[in-house]
2 protein chains.
Amino acid sequence: MTDAARRDPEAVSNFVESFAAQLVEAGMQRMPARVFAALLSSDAGTMTAAELGEQLRISPAAVSGAVRYLAQTHMVSREREPGSRRERYRVHGDQWYEALTNREALIKRWEGALREGVSSLGADTPAGRRMAETLAFFEFVEGEVAAMMERWRVHREKLFGT
Amino acid sequence: MTDAARRDPEAVSNFVESFAAQLVEAGMQRMPARVFAALLSSDAGTMTAAELGEQLRISPAAVSGAVRYLAQTHMVSREREPGSRRERYRVHGDQWYEALTNREALIKRWEGALREGVSSLGADTPAGRRMAETLAFFEFVEGEVAAMMERWRVHREKLFGT
DNA sequence: CGCTTACTTCAGAATTTTGTGAAGTTAAGG
DNA sequence: CCTTAACTTCACAAAATTCTGAAGTAAGCG
């Protein structure tokens, strides 16, 4: 292990907390944000519940809650080491930001609410027309995001190799 | 005014509250979400502070706070009717979702935090490499979003005319 | 000028959210 | 089977946030 590669726990912690703070500002809950940042900055890309609790100074209950949220939103995955009841949580490196970008369920619900708005306020009213346009925008974005992620994969390969 | 265009206050209110609830779920604060939904579903696309307070049953203080937030994030604009100190708040129809999409300041800060992470954890460590890749992703997205919005304007014109 | 209307700011009450300890559940290991 | 380790759930205390009423500021109007 080179000097550059030796991890300074304080530097790691500084980064974890400052990156987590940015995620919080973007609307993420505090504990999930901290847990996620810790995983992101771990060399293996995985940590156990105990390691997370120790680094972040939080209770097992807090780890459990944060991890459940992160798994539900596909930001991390859970792995069971065979023949053990210790779990490992992993950032999927190239998949978590796809989860971030792909808010499909959310957009679908917005679209539902807007469609309802168009029909209940009347498609022939100014407000109804405004909502129909907004709806068209979301439908457009939905299609574009998929194409963008495909271009990213190509771009990524060019930058970092296969 | 046709029957279809006559506004049923209860239908409007139902839509406002349900759309606001979706915005809240996406991370927006409650009052800004309700105020924004009310503006979006108004025929004129503008409302005064008094109208907002009455429809949403909230105090002038709450209107003031919500509107300040919405103006800061470019979701609505404030207009002064000349020769009056009554203000009108307006959804810019085709601009608010651009504001939603264009989280440039946010992304810039994420990039800053990640750059710091790469250098403090070491560009030659596994964690550093993971963060460098994440950083590249955000840089990529930044460029793509601008192009996507340009395509939207073209698409929009095709759907709704100039 | 002063009155009045419209918005803003601020302190605090009320609500909501968050994180903990403790008890509960599950499954490995003896 | 029984013990114990690992995670989960739950009730509650603490902390943070939200919204209000009241006081403050500014600008039109007489």
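So you know, we letter chains A, B, ... as the sequences are listed, proteins then strands, and number each from 1. For the numbers below, each heavy atom of this structure counts, side chains included, while hydrogens, waters and symmetry mates do not.
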Distance, rounded to the nearest Å, where [X] contributes [atom1] and [N] contributes [atom2]:
X	N	atom1	atom2	answer
A:Glu81	D:dA5	CD	P	17 Å
A:Glu87	D:dA5	CD	P	18 Å
A:Tyr69	C:dG19	OH	C1'	17 Å
A:Met47	D:dC7	CE	P	13 Å
A:Glu51	D:dC7	CD	P	10 Å
A:Leu56	C:dT18	CG	P	17 Å
A:Leu52	D:dC7	CG	P	10 Å

(request) Classify the nucleic acid contact of B:Gly83 as base, sugar-phosphate or nothing, counting any heavy atom under 4.0 Å across all strands shown. (result) sugar-phosphate
(message) For a quick check of understanding: with a heavy-atom distance under 4.0 Å over all strands, which category does B:Arg80 fall into, base, sugar-phosphate or nothing?
(response)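 Answer is nothing: B:Arg80 stays at 4.0 Å or more from every strand.
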(request) Using a cut-off of strictly less than 4.0 Å, decide whether A:Arg85 has a side-chain nitrogen or oxygen near OP1 or OP2 of D:dA5. (result) no
(request) Would you mind building the protein contact string for nucleotides 14-22 of chain D? One character per nucleotide, 5' to 3', B for base within reach (heavy atoms under 4.0 Å), S for sugar-phosphate only, - for untouched. (result) ----SSBB-
(request) Indicate whether the side chain of B:Thr48 and that of B:Arg86 have a donor and an acceptor atom separated by less than 3.5 Å. (result)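 Not at all, the side chains of B:Thr48 and B:Arg86 share no donor-acceptor pair under 3.5 Å.
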(request) Give the minimum heavy-atom separation between B:Phe19 and B:Ala37, together with the two atoms involved. (result) CD2-CB, 4.1 Å
(message) Taking A:Arg115 first and then A:Glu111, would you say they form a salt bridge - that is, a charged N and a carboxylate O separated by under 4.0 Å?
(response) yes
(message) Quick check against the 3.5 Å criterion: does B:Ser120 have a side-chain atom that pairs as donor or acceptor with the backbone of B:Glu116?
(response)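 Here the side-chain-to-backbone pair exists.
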(message) Under 3.5 Å for both pairing distances: what stems, at least three Watson-Crick or G-U pairs long, include DNA chain C?
(response) C:1-30 with D:1-30
